[in-house]
Amino acid sequence: MKKRKVPHTFVIVFFIIVIAAVLTWIIPPGKYVSEQVGDETVMTFYYADQLPEGGPSTGSGTAEFHAEPQTWQVFSAFYKGFVKQSNIIVFILIIGGAFWIMNKSKAIDMGIMSFLRFTKRLERNKLMQKIGVNNIVIILIMLLFSLFGSVFGMSEETIAFALIIIPLAVSMGYDSIVGLCMVYVAAHIGFSGAMLNPFTIGIAQGIAEIPLFTGIGYRAVCWAILTVVGIIFVLWYANKVKKNPQSSIMYAEDAYWRKSAEVKEEELERYTPRKAWWVFAFLTAVLIVFSVLYPMTTLKIGNSETTLPLLPIGTAVFVLLSIITLRKTVHYFVLTLLFATVYFLVVGVLGYEWYIMEIASLFLVLGIASGLAVDKSASDIAKLFLEGMGDILSAAVIVGLAGGIVIVLQDGGIIDTILYGLSKSMSNMGKIASAEIMYGIQTLINIVIPSGSAKAAITMPIMAPFSDLIGISRQATVVAFQFGDGFTNMITPTSGVLMAALGVARIPWEKWVRFIWKFILVLVVLGALLLIPTVTMKLAGF
């Protein structure tokens, strides 16, 4: 009997677009409209044929509302999806090109080999043998990225880090799924259990008109519980793959990563070209200039602010490490460039409100500096950059294709109708049941609108006043929003970040679903349980 082949990810996403188009023929279009009632602004739903004359001021900020059943638009959605997700697509291509240049320097290979030698030395310790050095590595990396997701909403940034952690995970005897979990899943668990995430908690609490970042105590408890559960799940899977690598559903596809990890240390020549010193001198001069211009950086974490001389400190550490590493081999200098990039990325995000344009630019500098340091010519660097973009092109294409799903639903005008139908189900329910239904609505809507800030703008003006009517604190409504916003981001094909992360990891979406769906189900149930105390108990800030 011939074994049925799972369709290509592109085919699956295209069929989801077709299904979305069919729904636009079944579900009537409608729109939530902002209306002034006394001193308050309320959101009122209208079907398309009932909209007020003169053009509504809609929740999405558009002056006019046009919707029609989708037919041939399933093909134009591909183009519109590329336009909608253009920032992420360009980000992926630049990151891919920059990392390709850096990878050709063999610095990552050298770094992984040095790290594995270090872990083997640690394994001689009896306590470390019992705990497992690799387990400690997984735990520490996941804690770090979960904290990043919780504090400043790390999401798109994980795409770049996946290219670093996945080769490390494969070299440690795991698979690409473990590597992606250590970065992407950890960050999105933190995103779901956010304590200070300005893109979800900040916007939702602002719209709900409650003090910014209040209720952090209970959210910190939620973050800790979700993170521990996530780490336990990844450790269980990682140890399973370690014992039997062929049990991984990614064993065949991971041949790409295993091949890149086959470089032997004796094959790596230790050298430091003169050009590397010039790169060091130029970057040092640039960093000194910025340190003089910006001697103090104010980090904004929640409502608290801390001012520190972060650029001068980073510059001083960079200079010291560069001198040490250049005297050993250029490979270690390139790794120093990578660590400096990560440091200034964090400083830029927390202190200067950087987003993916600035981050992409920073990694582009990393790629060019790495190429020059290993004595590549400008033409060689350009060729390597194009090779890197070509290698990662499929990841960029799937992001654009997945963006077409949302385009079809938006142009069909049925997103708000779906939200309205779900919200009606909350009438005549008890407090706990209503809170859980809010959570369920946010979870379902997140499959269609994975953007946390956009979903907050659409749903919170509806949910917050409704919670007053049924006697639930608006803080509980925000918790229902943040849980509903986070968990399904890790499985929905409408998430550009997920599809991009899977693309760079070379994990087909259908295989990712086979791996992650049970864990998502556990998180959804856990979120429902953690929501109950916000209704039944007197919690600080609620």
Side-chain angles (χ1 to χ4, degrees), residues 13-37 41-85 203 207 400-427 437-466 481 484-485 488-489 492-496:
V13 174
F14 180 76
F15 273 110
I16 294 175
I17 292 176
V18 172
I19 292 170
V22 171
L23 290 177
T24 63
W25 286 84
I26 300 172
I27 301 173
K31 194 71 181 176
Y32 274 103
V33 178
S34 301
E35 294 183 335
Q36 199 70 26
V37 179
T41 301
V42 298
M43 300 291 288
T44 306
F45 177 80
Y46 293 94
Y47 287 105
D49 57 357
Q50 300 172 346
L51 281 167
E53 295 181 2
S57 173
T58 66
S60 60
T62 56
E64 297 181 357
F65 175 63
H66 299 289
E68 60 180 352
Q70 303 290 285
T71 52
W72 61 269
Q73 291 90 341
V74 296
F75 300 103
S76 66
F78 184 58
Y79 172 84
K80 289 183 177 181
F82 258 82
V83 175
K84 179 182 176 63
Q85 303 281 25
I203 294 174
I207 295 173
L401 185 59
I405 300 171
V406 179
I407 292 294
V408 167
L409 294 172
Q410 286 177 340
D411 290 352
I414 65 173
I415 292 179
D416 284 11
T417 307
I418 294 172
L419 175 59
Y420 173 68
L422 292 172
S423 64
K424 286 176 64 178
S425 64
M426 289 189 294
S427 58
I437 290 173
M438 283 184 183
Y439 169 46
I441 289 171
Q442 296 287 6
T443 300
L444 291 173
I445 290 296
N446 194 56
I447 297 174
V448 178
I449 311 173
S451 169
S453 54
K455 189 159 63 276
I458 294 172
T459 63
M460 290 309 296
I462 303 164
M463 299 298 183
F466 184 80
F481 160 76
D485 173 64
T488 48
N489 277 338
T492 174
T494 59
S495 170

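We use all heavy atoms of the structure for the numbers below, so side chains are in, but hydrogens, waters and symmetry mates are not.
Of all heavy-atom pairs spanning V13 and P493, the tightest one is CG2-CB, 4.5 Å. Across all non-hydrogen atoms, the minimal contact from P29 to A67 is CB-CB, 3.8 Å. A pairwise comparison of heavy atoms in W25 and Q70 identifies NE1-O, 3.0 Å as the closest pair. The two residues V74 and A21 have their closest heavy-atom pair at CG1-CB, 3.5 Å.
If you run side-chain contact (heavy atoms from CB on, under 4.5 Å) between T488 and each of I445, T494, L444, I447, only I447 comes through.
For the atom pair CG of N489 and CG of N446, the computed distance is 4.5 Å after rounding to the nearest 0.5 Å. With values rounded to the nearest 0.5 angstrom, I405 atom CD1 is found 4.5 Å from I16 atom CD1. In this structure, M460 CE and M438 CE are separated by 8.0 Å, a value rounded to the nearest 0.5 Å. In this structure, I415 CD1 and L23 CG are separated by 11.5 Å, a value rounded to the nearest 0.5 Å. Here the straight-line distance linking atom CD1 of I19 with atom OG1 of T24 works out to 12.5 Å at 0.5 Å rounding.
The side-chain contact (heavy atoms from CB on, under 4.5 Å) check on I203 picks up I207, S453, A456, with sequence neighbours excluded. Partners of F78 by side-chain contact (heavy atoms from CB on, under 4.5 Å), not counting sequence neighbours, listed by chain and number: F82, V397, L401. Q410 meets the side-chain hydrogen bond (donor to acceptor under 3.5 Å, both in side chains) test with no other residue; sequence neighbours excluded. When the side-chain contact (heavy atoms from CB on, under 4.5 Å) test is applied to F45, the partners found at least two apart in sequence or on another chain are Y32, Y47, D416, T417, Y420. Residues satisfying the side-chain hydrogen bond (donor to acceptor under 3.5 Å, both in side chains) test with K80, not counting sequence neighbours, are D411. By the ring-ring contact (aromatic ring centres under 6.0 Å, His included) test, F75 pairs with F14, sequence neighbours left out.
Listed for the Q73 side chain is a donor-acceptor partner under 3.5 Å among the backbone atoms of T71.
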